[in-house]
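Position 1 is the first residue of the sequence, and the numbers go up from there.
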Amino acid sequence: MVRCGCAWLRKYGNFIDNLRIFAKGGSGGMGYPRLGGEGGRGGDVWVVAHKHMTLKQLKKKYPQKRFVAGVGANSRVSALKGSKGKDCEIPVPVGVSVTDENGRVVGELNKEEDRILVAKGGLGGKLHTNFLPLKGQKRIIHLDLKVIADVGLVGFPNAGKSSLLTRVSHATPVIADYAFTTLKPELGKIIYNDFKQISVADLPGLIEGAHMNKGMGHKFLKHLERTRQLLFVVDISGFQLSSVTPYRTAFETIVLLTKELELYKEELQTKPALLAVNKMDLPNAQVKLEKLMKQLQNPADFLHLFERSMLPEKAVEFQHIVPISTVTGEGIEELKSCVRKSLDQQDSKDSDAHHRKQLLRLQGSSGAS
């Protein structure tokens, strides 16, 4: 089994996952009526993905959140065709979705150097415009970050997600015995001895009704859309949000988490999933674990305990189930290894699927010839 090394790196500070900005294409340049000269086109405004950029940095660097491209050059005797105005680039992090004021998706930036045109420059003055230039496009756009990570942590509040990060790193997130300690998403990396890096999104805890935007609701769930795999973190002793809410066993917790994901977006259930059963240092934890394993092996035998509305259409199938304790360190190394193994398997499947697709395309081309 692969041994895992080093640390999970963490960044702290106020997390910004959406911005509203103004973009305006440059105006065109004046035409030259006497000689039929054409003014230069105004510059365009582009949103461009950069690997080390954050929305927080963007807001700090451009507090006015206003981006205007350059004006096209006027036509003149020495240059009848005016030059194009300078383009304006808005640097954003990878994983940003761009929408307009009406909520329509303009595009997504999923990898470094991806770019989206958000405001076109105006045409330069020419014959059919009576040599008068046109103004550039004005637009209000929204930048919405859906964190891209290899693994997204899923769990009810106080399940031990922050404690898990602390156990495997030198990070010092807020940890307490009250429910909400992680209020903003955080990105970290597991760095292995062979320099393999796996990014992890530590997200605020879900609560029942999150799909209806209760608690962190959609702010939490939207980030899971852009993770490759899910890591459920569950307290072996169960969970109770407050004295007026029902107590849930570890098995009930898993069923309810699955239901919340399904109600928000069914596609989330297609992602590979792992399960970390936390707090194995507590009294009777081993007995409770044995009971949980039986329930997970034969879930249909226990679904009568739930109201029909609480049952997901499809039970989640975990690739690995690892009992851990963030207090004693039990199972931490095994969990890291399982995360690595699961992602390696997914990479292999993705590569095979890509090769099959390429082969079918080549065969189709040969047949057509």
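- Cluster annotation: Phe22 is not connected to Val45 through the hydrophobic network of ILVMFWY side chains, with a link wherever side-chain heavy atoms come within less than 4.5 Å.
- Both tests hold for Arg340 against Tyr192: distance to the six-membered ring centre under 6.0 Å, angle to the ring axis within 45°.
- Proximity of Val96 to Val98: side-chain heavy atoms (C-beta onward) are separated by under 4.5 Å at one or more points.
- Distance OG1/Thr227 to CG/Leu268: 7.5 Å, rounded to 0.5 Å.
- Using a 4.5 Å cut-off between side-chain heavy atoms of Ile, Leu, Val, Met, Phe, Trp and Tyr, with links allowed through other members, Met280 and Met293 fall into the same hydrophobic cluster.
- Side-chain contact between Arg139 and Val106 is present, with heavy atoms from C-beta onward closer than 4.5 Å.
- One distance of note links SG of Cys338 with CD of Gln319; it measures 10.0 Å at 0.5 Å rounding.
- Put simply, the side chain of Ser75 never gets that close to the backbone of Gly39: no donor and acceptor are under 3.5 Å apart.
- Residues Val71 and Val118 do not share a hydrophobic cluster, defined by chaining ILVMFWY side chains whose heavy atoms lie under 4.5 Å apart.
- Contact of the Arg115 side chain with the Glu89 side chain is registered, since non-hydrogen atoms from C-beta on lie closer than 4.5 Å.
- Judged by distance alone, with hydrogens and angles left aside, the side-chain atoms of Ser342 form no donor-acceptor pair with the main-chain N or O of Val339 at under 3.5 Å.
- The side chain to side chain contact (heavy atoms under 4.5 Å, CB included) test with Leu292 is passed by exactly one of Ile321, Ile254, Val234: Ile254.
- There is no path of hydrophobic side-chain contacts, each under 4.5 Å, that joins Phe302 to Tyr247.
- Thr253 places none of its side-chain heavy atoms less than 4.5 Å from the side chain of Phe232.
- Side-chain contact between Pro312 and Gln269 is present, with at least one heavy-atom pair separated by less than 4.5 Å.
- Closest of all the heavy-atom pairs between Ile324 and Ala276 is CD1-CB, 4.0 Å.
- Checked by atom type and distance alone, the side chain of Glu334 never pairs as donor or acceptor with a backbone atom of Gly331 at under 3.5 Å.
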For this session: Check the pair Arg66 / Ile21 against side-chain contact (heavy atoms from CB on, under 4.5 Å), numbers first and verdict last.
Result: CA-CA 6 Å; Arg66 183 181 177 88; Ile21 64 175; over 6 Å; no
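- Atom CE of Met53 and atom CG of Leu58 lie 4.5 Å apart (nearest 0.5 Å).
- To the nearest 0.5 angstrom, Phe67 atom CZ is 15.0 Å from Lys24 atom NZ.
- Under the 4.5 Å side-chain contact rule for hydrophobic residues, Ile190 and Ile332 share a cluster.
- The shortest heavy-atom contact between Arg226 and Leu109 is NH2-O, 4.4 Å.
- Leu289 and Pro323 make their closest contact through CD2-CB, 3.8 Å (heavy atoms, listed as atom of the first residue, atom of the second, distance).
- Annotation: the span from Glu262 atom CD to Lys314 atom NZ amounts to 10.5 Å, rounded to 0.5 Å.
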Exercise. What do the steps show when you test Leu296 against Leu275 for side-chain contact (heavy atoms from CB on, under 4.5 Å), and what is the final call?
Worked result: CA-CA 11 Å; Leu296 292 174; Leu275 172 63; 3.8 Å; yes
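- Counting only heavy atoms from C-beta outward, the side chains of His142 and Glu101 approach each other to under 4.5 Å.
- Atom CD1 of residue Ile191 and atom CD1 of residue Ile198 lie 11.0 Å apart, to the nearest 0.5 angstrom.
- No more than 12 heavy atoms of other residues, nucleotides or ligands lie within 6.0 Å of NZ in Lys294, so this atom counts as exposed by the packing criterion.
- Applying the side chain to side chain donor-acceptor pair (under 3.5 Å) criterion to Lys120, with sequence neighbours excluded, gives no partner residue.
- Ile141 pairs with exactly one of Thr99, Val47, Ile116 by the side chain to side chain contact (heavy atoms under 4.5 Å, CB included) rule, that one being Val47.
- Between the side chain of Asp144 and the backbone N or O of Ser97, no donor-acceptor pair lies under 3.5 Å.
- At a threshold of 4.5 Å between non-hydrogen side-chain atoms, the residues Asp235 and Asn278 do not count as touching.
- When every heavy atom of Asp44 is checked against every heavy atom of Gly121, the shortest pair comes out as OD1-N, 2.7 Å.
- In this structure, Lys146 and Glu225 approach most closely via the heavy-atom pair NZ-OE1, 3.7 Å.
- At least one side-chain heavy atom of Asp344 sits under 4.5 Å from a side-chain heavy atom of Lys196.
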For this session: Please report the C-alpha distance between Val92 and Leu145 in whole Å, then the side-chain angles of each, then the deciding distance to 0.1 Å, and finally whether the side-chain contact (heavy atoms from CB on, under 4.5 Å) criterion is met.
Result: CA-CA 9 Å; Val92 301; Leu145 178 63; over 6 Å; no
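- Side-chain N or O atoms of Asn102 include none that pairs as donor or acceptor with a backbone N or O of Arg104 at under 3.5 Å.
- Taking each heavy atom of Gln240 and Pro246 in turn, the nearest pair found is CG-O, 3.9 Å.
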Exercise. Under the side-chain contact (heavy atoms from CB on, under 4.5 Å) criterion, do Val48 and His50 qualify, and how do the steps go?
Worked result: CA-CA 7 Å; Val48 184; His50 290 269; 3.8 Å; yes
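- The main-chain N or O of Arg228 is never found under 3.5 Å from a side-chain atom of Lys271 such that the two would form a donor-acceptor pair.
- For Gln197, the CD atom counts as densely surrounded, since its 6.0 Å shell holds more than 12 non-hydrogen atoms of other residues, nucleotides or ligands.
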